[in-house]
Amino acid sequence: MLEKAYAPDAVEKKWVDAWKEARLFDSAPATDGRRSYTVVIPPPNVTGALHIGHALNNTLQDALIRWHRLHGREACWVPGTDHGGIATQNVMEKQLKAEKLARHDLGREKFLERMQVWVRDCKKTILGQLVRLGCALDFSREAFTMDEVRARSVHHAFQRFYDEGLIYRGSRMVNWCVRCGTALSDIEVESEDRKAKLWRLRYPVKGKPGRYLVVATTRPETMLGDTAVAVHPEDERYKDLHGAEVELPLTGRTLKVVPDAMVDREFGTGAVKVTPAHDPNDYDIWTRHKGEMEGPRPVIGFDGKMLAEGVPAEFVGLPREKAREAVLAALASEAAPDGDPILAGEEDYKHAVSVCYRCQQAIEPLVSEQWFMKMEPVAAKALAAYDDGRFKIYPASWGKPYRNWLANIQDWCLSRQIWWGHRIPAWYCLSCNDLKDKPFMTVKGLKPTVSAEKPAKCAHCGKAGGDFLQDPDVLDTWFSSALWPLSVFGWPERTKDLAFYYPTEVLVTGYEILYLWVARMQMMGLWFEDKVPFPHALIHGIVRDKSGKKMSKSLGNVVDPLVMMDKHGTDAFRFAIVSQAHPGRDIPFAEESVTGPRNFVNKLWNSTRYVLDYALKNEPAPAGGYPLEKLDRAKLSLADRWILARFEAVTAEAEADVAEYNLAAAADTLYGFLWDDFCDWYVELSKPALADPARAEAAKTILVQVLSGTLKLLHPFMPYVTEELWQALKPYAGETAAFAFQAGAPRPTGWKDDEAVAQMRRLIAAVGSIRAIRSILEVPPALKLKAYFMGSNGSAPLLEKHADMVKYLARLESLELASARPPRAAVAVAGTTPIYLPLEGVVEFDKARARLEKAIEKLGKELVKADGMLGNKSFLERAPKEEVEKVKSRRDEAAAEQGFLKDTLAALAAG
RNA sequence: GGGCCGUUAGCUCAGCGGUAGAGCGUCCGCCUUACACGCGGUAGGUCGGGGGUUCGAAUCCCUCACGGCCCACCA
């Protein structure tokens, strides 16, 4: 016997333990021909606890895994975590900072040791949260992007790309994060609108006294590194200055004036100072005018401070921001030859600043030596896979941006100057490479030997057993993430797992990492295995706070999933987020949104209590339970046939929704079925049926089977409560599986029955109509009324046949056929058939009038509309016949009902 | 500067070519023996504006407005 109320805590704990004990979610390659259904988790970074976005992401995956396991696939959901590169290193650096330490105080080795300890704890937290959320993960397969197996995958991939000439070392302008101390790839840079100033600087033109070239800049400190001034080739104002020279203030250096079409004549002064060492555009200008101007002159170092070389002593060593102030001060006091200051103006200006996606600090573009990967050939494969439909994105609207990104792909900067990550498997023979006291980033022409271990001999000089230095940098964390669907199955080894589980089925993730991760997995999978790693990607939105703002610690609007689970139960919380996860939409999460689902859990609980305690009276289950197969269709009641048909239809609907990854729609469909169809109508109608020995057996069977079937369909969304309830129903349902997970989905029963559905719909409407009248006219709820219907066609035969049902549901004393309209009666309708409710002495008629008039008016509008359509020749000729029929019957019903209401009104007035 | 998404009941959102829906909230009435985390009923929308296609448009096309996101080298 079930407790009176559902207690989530105890039940959840019970099943977590039982599932674990049974190793329920462990998977092995099937040998009986069953297909795999594989999902690899987007490995959370080991940066701390999971947030509500993870809860959404993993609930969706869990629902898919459980759904397809119920449908007979060999489901395998691979858990794991990501080492998380810069993000994780930053977490550790913050901890160190609290201890007044920097990573260099510890040294690389000690630092990494500490990281390992942190990672161990963090994994435990994360995996514990996933378990709590109910995730059906195969923990025997837990992987980490930096464990030994994954390291082999990474080294192998690097080696192959290097051998194929796709990975190379080169000098480029890269996005440098001064705070994180590392280069970043282009997609790790975000742009942020910031308030700034636009300053005007006057550069004196050489040989033309009194002539100045005025440049506009947001970064005056970089003027120290200027090597040219650019103007538009067609700009009349400056045509005479092409090839002229200007003097760079504060330094006395000479700059060339170069014409370049990139310059916008409308913006600023139409003249641009060119700093090829610190601006990507300027760098490009230099590449176009190499013979005409000096190349990059770096003035800002990797630490963000002004360099010594070529910088006036007063600025040397100043951080960028301070240097800006100092340079501005100097330019304001520095007089040009005409006596006026060099600094000629300042205006407010808002513009996009490139910032680091991990620390939001302004990016400093710097030229350095880094490892890059040439992406075009790899992207071409992914592009082809997308175009020919081997890879599909849900919702499809993400396809265009995805495609666009691949089509315009840039080389990928792979190396990071941090310690936490896969060390780049490149070694430098000290005979071939002069590395004495030089930062690798500045050494040109290095000759690497690529190898996971210290190489036996140099690939360049062939010297064996020499001294080698391993590249100090690590790989972009996304490089190992990109290999995830391969590496978790042991690739490049030809493992049985790889053969059975790869390619995986679907990748579920948020759109913020579509390029960073999804696209790269596609590229890697196609390049190495010639197969898409997953044919489908389900791209969900971001969970925001209830006002639509992004959740963030600094805003203090973060919702902790654990707290939600504690307060409302895991199932209610899961159902709340899934029902809001409409394809392609962000989710504004309000805690109140868990209330409905919590009530639904309660509803499920009590429906099952009804079936067990009330319908089955807690009697022991007969051998084999109450199978549907034993039902004699000819003996079923209308309600029986109706609920079975509805169940069949709803099952198909939910299946179609899930096939399109529209889990919110599936959840909604099942919610509505259980609550409205099953509880509000079938359960109510089963009460008199159970009291009737001729019908009791069928009612019991249908209650048990439909409810347990619905529980199985809901199990992917709310695993705990459905497990608990399904277990209780199991013997009655005649099921033998140990857990709901293994119980199999409801099979089609063949109970399609359009007639029953149509008839039931009619009777439900009739009951609704009677109830409405009772309620509006304030008939005391407990009072049973007499009712009469008339006619021999329309719904009359149906009412006659199912008078008991209507009587029970509408609280009628009697429902009989009458030959004449009873006096002083209100009227309800069943289609075109009137149901009269004599109300003499029961209510005050005045109250009914206003309401009747309103209803008559409303029906009048409907009639006008329907008549308009039916009077329209084009409609009659061109619309499908069934549509015309629909309108006709709608018109007839409205006309009939309006007639009854008018009669009623007249009758009331007469009284 | 491109591209995408959104604008539907008081709130949060479904629906996306055939009479406007759900949940929550409102209001009225009910402790009717599974459930007051409940039951029954009720009010509330010219589906952002304007054009067009169609027998018919919230749903398709164009355009405008207002939000939001993504991409892009305007100093």
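- The side chain of A:K197 places no N or O atom within less than 4.0 Å of a non-bridging phosphate oxygen (OP1 or OP2) of B:A75.
- Base pairing analysis places B:A65 opposite B:U7; the two distances defining the Watson-Crick or G-U wobble pair are each below 3.5 Å.
- Between A:R890 and B:U19 there is a side-chain polar atom (N or O) within less than 4.0 angstrom of OP1 or OP2.
- Under 4.0 angstrom from either OP1 or OP2 of B:C35 there lies at least one side-chain N or O belonging to A:K4.
- Here the separation of B:C16 from B:C61, taken at their P atoms, is 15 Å to the nearest Å.
- Between A:W681 and the phosphate of B:C39, there is no side-chain N or O to OP1/OP2 separation shorter than 4.0 Å.
- Of the side-chain N and O atoms in A:R771, none sit less than 4.0 angstrom from OP1 or OP2 of B:U42.
- Phosphate proximity of B:C4 to A:K400: present, with a side-chain N or O under 4.0 Å from OP1 or OP2.
- Residue-environment remark: NZ (A:K687) exceeds the threshold of 12 foreign heavy atoms within 6.0 Å.
- Looking at A:D260 and A:H232, their side chains never bring a donor and an acceptor atom within 3.5 Å of each other.
- OP1 or OP2 of B:C74 has not a single side-chain nitrogen or oxygen of A:H351 nearer than 4.0 Å.
- Here B:C4 presents its P atom at 17 Å from CZ of A:R585, a figure rounded to the nearest Å.
- In this structure, A:I539 places its CD1 atom 18 Å from P of B:C4, rounding to the nearest Å.
- Look at CD on A:E347: it is 12 Å from P on B:A75, rounded to the nearest Å.
- Residues A:S775 and A:A352 both approach RNA chain B. Their nearest nucleotides, taken by heavy-atom distance, put A:S775 toward the 5′ side.
- OP1 or OP2 of B:A75 lies within a sub-4.0 Å distance of a side-chain N or O belonging to A:Y349.
- No engagement by A:K886 is indicated, since no non-hydrogen atom pair under 4.0 Å with the nucleic acid exists.
- Taking atom C1' in both B:U12 and B:C74, the straight-line distance is 41 Å, to the nearest Å.
- Counting any heavy atom pair closer than 4.0 Å across all strands shown, A:V683 reaches a base atom.
- Looking at heavy-atom distances under 4.0 Å, A:D264 makes contact with a base.
- Taking only side-chain nitrogens and oxygens, A:K687 comes nearer than 4.0 Å to OP1 or OP2 of B:A34.
- In this structure, the CZ atom of A:F267 is 13 Å from the C1' atom of B:C73, given to the nearest Å.
- Partner A:T275 forms a side-chain contact (heavy atoms from CB on, under 4.5 Å) with one of A:D226, A:L224, A:I285 and no other, that one being A:D226.
- Put simply, A:N599 has a side-chain N or O that comes within less than 4.0 Å of OP1 or OP2 on B:G38.
- Within the shown strands, B:C30 is the pairing partner of B:G38 under the Watson-Crick or G-U definition, both distances less than 3.5 Å.
- The C1' atoms of B:A9 and B:U26 are separated by 11 Å, rounded to the nearest whole Å.
- Counting heavy atoms from C-beta outward, A:Y610 and A:L707 have side chains that stay 4.5 Å or more apart.
- Rounded to whole Å, the P atom of B:U54 lies 31 Å from the corresponding atom of B:A14.
- For B:C60 and B:C28, the C1' atoms lie 43 Å apart once the distance is rounded to whole Å.
- Comparing B:C24 with B:A36, their P atoms sit 16 Å apart, to the nearest whole Å.
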A:E877 vs A:S874, side-chain hydrogen bond (donor to acceptor under 3.5 Å, both in side chains): CA-CA, chis, key distance, verdict: CA-CA 5 Å; A:E877 282 165 12; A:S874 305; 5.6 Å; no

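- Aromatic ring centroids of A:Y349 and A:F267 lie under 6.0 Å apart.
- Donor-acceptor pairing under 3.5 Å is recorded for the side chains of A:T222 and A:K273.
- Taking atom P on both B:G29 and B:A43, the two are 16 Å apart, rounded to the nearest angstrom.
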